[in-house]
Structures are given as C-alpha cells and as structure tokens.
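What follows is a set of notes on a single structure, which appears directly below.
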Amino acid sequence: MSRLCGKVLLPFLFLITNIFNLYAEYDSGKFFPSAADFDISNLYLEAYGGLAFPLSFTSQDFVPMTDNGWDIAAGFGFNWGGWLFGFDYNRSMYGQGTASGALMENFVNNLFEFRLRRVISKASFSKLPSWLEIVPGLALGVDFITTDYYTSKRAKADGRLTSVGFGQDGARCFFGKVTFENAFYLGTDYFIPFIEGDFNLFYDNSIGGGLAMFFTANIGIRTYPGAAFHKNRPQKTRKEKARPEPAEKSLPPAFVSPDSPAPVELSIQSNIHSNFTPDGDGLNDLAILTPELTNICEPPQSWKLEILDPKGAVFREYSGSGMPPHTLSWDGKGNGGEDVFSMNSYGIRLTLVPSATDIARTGQTVVIAQDSVKTGIPMLVIIPDKKWKIVVNTIHFDPDKATFNQISEEQRKENIETLDSIALQIKEHPNCLITIEGYANNVTNTERENIRELVPLSQLRANAIMELLSERGITKDILTAKGKGGANPLAAWEDRSNWWKNRRVEFVVEKEE
C-alpha cells in the first residue's frame, strides 16, 4: 500500500513543487527554427476531445443537417523550435438532425489530418505570463464520411434511403481547419493541458456537392515522452527579483569516459554583440545567450549566469543545478527591474561547478566562460506611443565644466558615436519634441551643492549637447535643455559604487500634440 501511495503521491508532489517555477513549453523565440533546435526528445503525443456543433452545408442554405455531437482525437508530432508538426486522427459523430430539411443521423467524420501549429510563449511575446501559451494553427487532410439516411420526405426525394460506408464513392473529400489553442505549462513536459476551438471546412459531394462546415471545442493533453532529457529549465533563485525568460531545450553534451584526460570545456555566446535595444519595438529586444558544455562525465553540480554592468557589478543573475539551459533570453532588465544604459557594454559570465567525478578527473573545481553585449539606443517607453526616453552616460565632459578640451581621444570618439546615434534615432521619430535633461551626482548630499553647483553645471552641459545635436541636423525648434542637477538619483547616496549611474543625460522624446 505504501509503495502504491508513493507511486501516486510523488508525481503529484513533483508537480506542486514545480508549479512555482513555470517556464513555457519549448519555444525558441525565433520565427524560423534552426538545426540547433532539432532534438529527438521533442517528439510529442496528444489526445483531446469535446463538443462538435451542428453540421451545415452552403448548398443547403446552412440548414443544420445534424444535432450536436462529440469529438475525439489523438495524434503525434514533433516540436521544432516552437513549430508543432503533427498527424492526427479525429472522429466527430452527430445525432439525428431535427431542423426542417435535415437529412442524416449517425453522421461521422473520420478525419486524417496534417497539423501545423506555432507555440507562442513568453520567449516570443514577453507580455505573456510564463505559464500560458497561445497556439494558433492550420490543418489539412482527408475526411472519410459515414452516415445513415433516415426515411424522411427529403431522403426519399433525394433517393437516399440507405447509408454511406467508410471510403465509399461520394464520401471522400478534402478537409481543412483553423485552430486556436491555449496551453498551460504546469512545470513539466509530461503534462501540458490545453483548450482548443476549431473551425472545420470540407467539400462534400455525397448529397449533391457543397461546402460543409462545423465547429468543435475541445480539451486535451500534450505530452513529451522524452521530457526526462529536457534539462533546459533554470530554477528560480531567491536572489532573482524577476523571473528569467523561458529556457529552451538543453543541448546534448559530449560525454566522455571517466578515464578521459580531456578537460571540461565551457563557452557562452550571445546572438547580439552590438546594438542591443530592449525597448519592446520588436527589434533586438532579446539577447539569446547560448552556453555550450563538452567533455563531461556527469551533469554539473550547479551553474550561474551573471550579466555584469559597465563597472563589473552583477546586474542580472540566473542560476540552477544540473545542466545549464541550451539558451537563456535576457530582456535587458536588471535584478531589480532597472533598464540598461544606452551605448554601454555589459559583460556575460557563466560559472559552472563540475560534478564530483569531473572534479576528480580533471582537477577543475570551477569552469568560467565569458562574452559581452553592447547596447544601442533603446527608446524606453514612458507612455506607450506618446513618450519615450533615452538614457546615456557616454557623453564625456572636462571635470566640473561643460567643455571638451581635456577629455581623452577615446572619450572623444565615444562622444561622437553616442551623439551621432542619438541624432539618427531622433530623425527617425519626426513630429516629436526633445527635452535634454542633464543629471549629476550630489557627493555631499546637500541642497547647497545641488543649487550652487550641480544645477548650473548640468544646465550648461545640456545646452552644450543641444548645440552638438543642432550641428547634426536637429532643428533647435524641437530641442529644450534642462539642468536637473542631483534630482532623481538612480543610486542612493549610500551606494557609492553605483554613483556613476547618477551622472547621466536623459533625452525625453514626446510626440507633439
């Protein structure tokens, strides 16, 4: 009895404990799948059933030819980067039609169909919750009709007093449907429930020809039998304020013999190395980080991926046990939800603790891989479709002045690159007003310093930037300069290591009324 309880309770407890670490079914976040997205463990099985609503024919003036019925189906397929390619058998059966002119009873559709659907999860659409997927799709196939004709005046007039059998002439027709599905990820690929609504259409010639249509509403379950090999979902840690983007399927590692002298090798690479603009406009909004791990005997003990700010401090952190995910999607946010600065480089550091076997084999207690991402000019949304801001700290001035005489050649080049990029971005947003807001860091944390020194200095620097933008073809009529001094600090006065964030320029872009 205790063994039976264990077999029943343990999977249930596993589901409950994982429901707080929700990540969607595999979705690469890209429209076109790649070879790296192909993995045999992404084979799936599914079954579903529900209601079938009365059948109607265009040639019969949309008279409901049947009563309500039921619908069951089962199938299999493959998930390639979020695209579901599958084959289903669907059987829908209806009761005797009661409407005037109805003809059939025991009407049955035997549908053999090819299905193409697209999983849209948080990886593709960041506003979705992690547990919800939207899955639109299409299906094409063949419908083998079977039915009995009851002896109504209509049946006699049409000479239909018998029945139509499976595969009989006049009862084979092409079939298509449009589907819309909501799936729910509950922490495991063994159990993905979904609800689905379908519009079905076929051309029938068993009663004189015509388009036939019906609707179905189903509930079902999709399962990945190879889910045990999906070591792809990072666990949420207490340090993480914002849940990480959905992790994708794990990359099969190159395992080696325990006697092999080959060291553990680790690398990580981003799909974007420059012009990362996470502002929700659909262009370069996600940095897809791809680790690669080879020469291991066993899955590692733990992994930690850190996004480092321009000063080397941890800006965002993900971590987990076992295999690192095949990919992680970084949306440009920090642990506290803060946004990245424009025209800055952010480091990527992946740290891995090998298994005890691999540590004993190689002597490597820690393995580290690194990469970096440079931001472009993200237009951070303040009011959707009306107001945005650009935040930069890469416009350099002489100390305590609004001039550029003492800056280094590297800083001078960085100024040119930043201002050229901002001017180009402004030109791409016509009919907008631009407010240049200069900010400084209040070192003494006093109002005296702010009023006497910081506000006047930041005003002069904002004026200088306005002149530089004017030289780049931006008319002064749309530009306003404001010195904000130590107002609106991004880092608290006690947080000395982050004072650099307070020394910045914000360009507020607002559509003209």
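Side-chain contact of Asp495 with Asn498: a donor-acceptor pair under 3.5 Å is present, judged by distance alone. No side-chain donor-acceptor contact under 3.5 Å links Gln411 and Asn415. Inspection of the Thr394 and Thr418 side chains reveals an N or O donor paired with an N or O acceptor under 3.5 Å. Donor-acceptor pairing under 3.5 Å is recorded for the side chains of Thr403 and Asp398. Thr179 and Glu196 share no side-chain donor-acceptor pair at under 3.5 Å.
Going from atom CG of Asp198 over to atom CG of Leu138 covers 11.0 Å, rounded to the nearest 0.5 Å. Here CZ of Phe404 is found 10.5 Å from NE2 of His396. Values are rounded to the nearest 0.5 Å. Note that CZ of Arg472 and CG of Asp420 are 4.5 Å apart. Values are rounded to the nearest 0.5 Å. Here Asn393 contributes atom CG and Asn502 contributes atom CG; the two are 11.0 Å apart, rounded to the nearest 0.5 Å. Between the CE atom in Met343 and the CD1 atom in Ile395 there is a gap of 10.0 Å [rounded to 0.5 Å]. Between the CG atom in Leu43 and the OG1 atom in Thr223 there is a gap of 11.5 Å [rounded to 0.5 Å].
Of the residues listed (Val391, Val505, Asn488), the one engaging Tyr439 in a side chain to side chain contact (heavy atoms under 4.5 Å, CB included) is Asn488, and it is the only one.
Under the 3.5 Å distance criterion, the side-chain polar atoms of Thr375 are matched with a main-chain donor or acceptor of Phe341. Checking side-chain atoms of Asp358 against main-chain N and O of Cys297 turns up a donor-acceptor pair under 3.5 Å. At distances below 3.5 Å, not a single donor-acceptor pair connects side-chain atoms of Ser458 with backbone N or O atoms of Ala440. The closest donor-acceptor contact from the side chain of Trp83 to the backbone of Phe32 lies at 3.5 Å or more, if one exists at all. Put simply, the side chain of Arg361 gets close to the backbone of Ala262: a donor and an acceptor are under 3.5 Å apart. Judged by distance alone, the side chain of Asn42 and the main-chain N or O of Trp80 form no donor-acceptor pair under 3.5 Å. For the pair Trp330 (side chain) and Lys333 (backbone), a donor-acceptor distance under 3.5 Å is present. At least one donor-acceptor pair under 3.5 Å links the side chain of Asn344 to the backbone N or O of Ser342. The main-chain N or O of Glu417 is found under 3.5 Å from a side-chain atom of Ser421 such that the two form a donor-acceptor pair. A donor-acceptor contact shorter than 3.5 Å is absent between the side chain of Gln364 and the backbone of Ile359.
Sequence neighbours left out, the pairs with a member in residues 267-287 that pass side-chain hydrogen bond (donor to acceptor under 3.5 Å, both in side chains) are His273-Asp371.
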**Request:** List the steps and the verdict of salt bridge (Lys or Arg N to Asp or Glu O under 4.0 Å) for Lys401 and Glu453.
**Result:** CA-CA 11 Å; Lys401 296 179 182 179; Glu453 299 179 27; over 6 Å; no
**Derivation and outcome, side chain to side chain donor-acceptor pair (under 3.5 Å), residues Thr357 and Ser355** = CA-CA 5 Å; Thr357 300; Ser355 66; 4.6 Å; no
**Message:** One pair to check against salt bridge (Lys or Arg N to Asp or Glu O under 4.0 Å): Lys304 and Glu317. What are the steps and the verdict?
**Reply:** CA-CA 7 Å; Lys304 179 171 64 175; Glu317 180 179 320; 5.0 Å; no
**Message:** Quick one, Asp331 with Arg316, criterion side chain to side chain contact (heavy atoms under 4.5 Å, CB included). Give me CA distance, side-chain angles, the key distance, then yes/no.
**Reply:** CA-CA 10 Å; Asp331 60 1; Arg316 182 76 176 266; 3.2 Å; yes
**Request:** Using the salt bridge (Lys or Arg N to Asp or Glu O under 4.0 Å) rule, take Glu414 and Arg412 through it: C-alpha gap first, then chi angles, then the decisive distance, then the call.
**Result:** CA-CA 5 Å; Glu414 198 165 35; Arg412 196 178 305 278; over 6 Å; no
**side chain to side chain contact (heavy atoms under 4.5 Å, CB included) assessment of Leu308 paired with Phe315** = CA-CA 5 Å; Leu308 308 177; Phe315 184 70; over 6 Å; no
**Request:** Apply salt bridge (Lys or Arg N to Asp or Glu O under 4.0 Å) to the pair Arg115 and Glu46, showing each step before the final yes or no.
**Result:** CA-CA 12 Å; Arg115 303 192 68 184; Glu46 64 183 3; 3.8 Å; yes
**Request:** In sequence, state the C-alpha distance, the side-chain angles, and the governing distance for Ile268 and Ile348, and then conclude on side chain to side chain contact (heavy atoms under 4.5 Å, CB included).
**Result:** CA-CA 8 Å; Ile268 185 162; Ile348 303 168; 3.9 Å; yes
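In this structure, Leu479 and Ile474 have side chains that are in contact, with non-hydrogen atoms separated by less than 4.5 Å. A 4.5 Å side-chain heavy-atom check between Leu350 and Gln370 finds every atom pair outside the cut-off. Ile422 is listed as a side-chain neighbour of Ile377, based on a closest heavy-atom distance under 4.5 Å. Counting heavy atoms from C-beta outward, Asn295 and Ser260 have side chains that stay 4.5 Å or more apart. When side chains are defined from C-beta on, Leu293 does not count as touching Glu265, because their heavy atoms never get closer than 4.5 Å. With a 4.5 Å cut-off on side-chain heavy atoms, Leu305 and Ser319 do not count as touching. By the 4.5 Å heavy-atom criterion applied to side chains, Lys511 and Trp388 are counted as neighbours. Looking at heavy atoms from C-beta onward, Leu454 lies in side-chain contact with Glu449 at the 4.5 angstrom threshold.
More than 12 heavy atoms of other shown residues, nucleotides or ligands fall within 6.0 angstrom of atom NZ in Lys427. Residue-environment remark: CG (Asp400) stays at or below the threshold of 12 foreign heavy atoms within 6.0 Å. The environment of CD in Glu410 is sparse: at most 12 heavy-atom neighbours from other residues, nucleotides or ligands sit within 6.0 Å. Around atom CD1 of Ile219, no more than 12 heavy atoms belonging to other residues, nucleotides or ligands sit under 6.0 Å away.
Scanning all heavy atoms of the two residues, the minimum distance from Ala402 to Ala464 falls at O-CB, 4.0 Å. Considering all non-hydrogen atoms of both residues, Gly376 and Pro378 come closest at O-CD, 3.3 Å. Closest approach of Val135 and Ala183 over heavy atoms only: CG2-CB, 4.4 Å.
Outside the 6.0 Å centre-distance limit, the rings of Tyr346 and Phe276 are not counted as a close aromatic pair.
Taking a cutoff of 4.0 Å between a charged side-chain nitrogen and a carboxylate oxygen, Lys476 and Glu471 do not qualify as a salt bridge. Checked for salt-bridge contact, Lys501 and Glu506 miss the test: no charged N lies under 4.0 Å from a carboxylate O. The pair Glu437-Lys482 does not count as a salt bridge, with every side-chain nitrogen at least 4.0 angstrom from each carboxylate oxygen. For Asp27 and Arg118, the salt-bridge test passes: some basic side-chain N is under 4.0 Å from an acidic carboxylate O. With salt bridges taken as basic N to acidic carboxylate O contacts below 4.0 Å, one links Glu181 and Arg117.
For the pair Arg222 and Phe194, the cation-pi criterion (under 6.0 Å, within 45° of the ring axis) is fulfilled.
Among residues two or more places apart in sequence or in another chain, the side-chain contact (heavy atoms from CB on, under 4.5 Å) test is passed with Lys311 by Asp309, Trp500.
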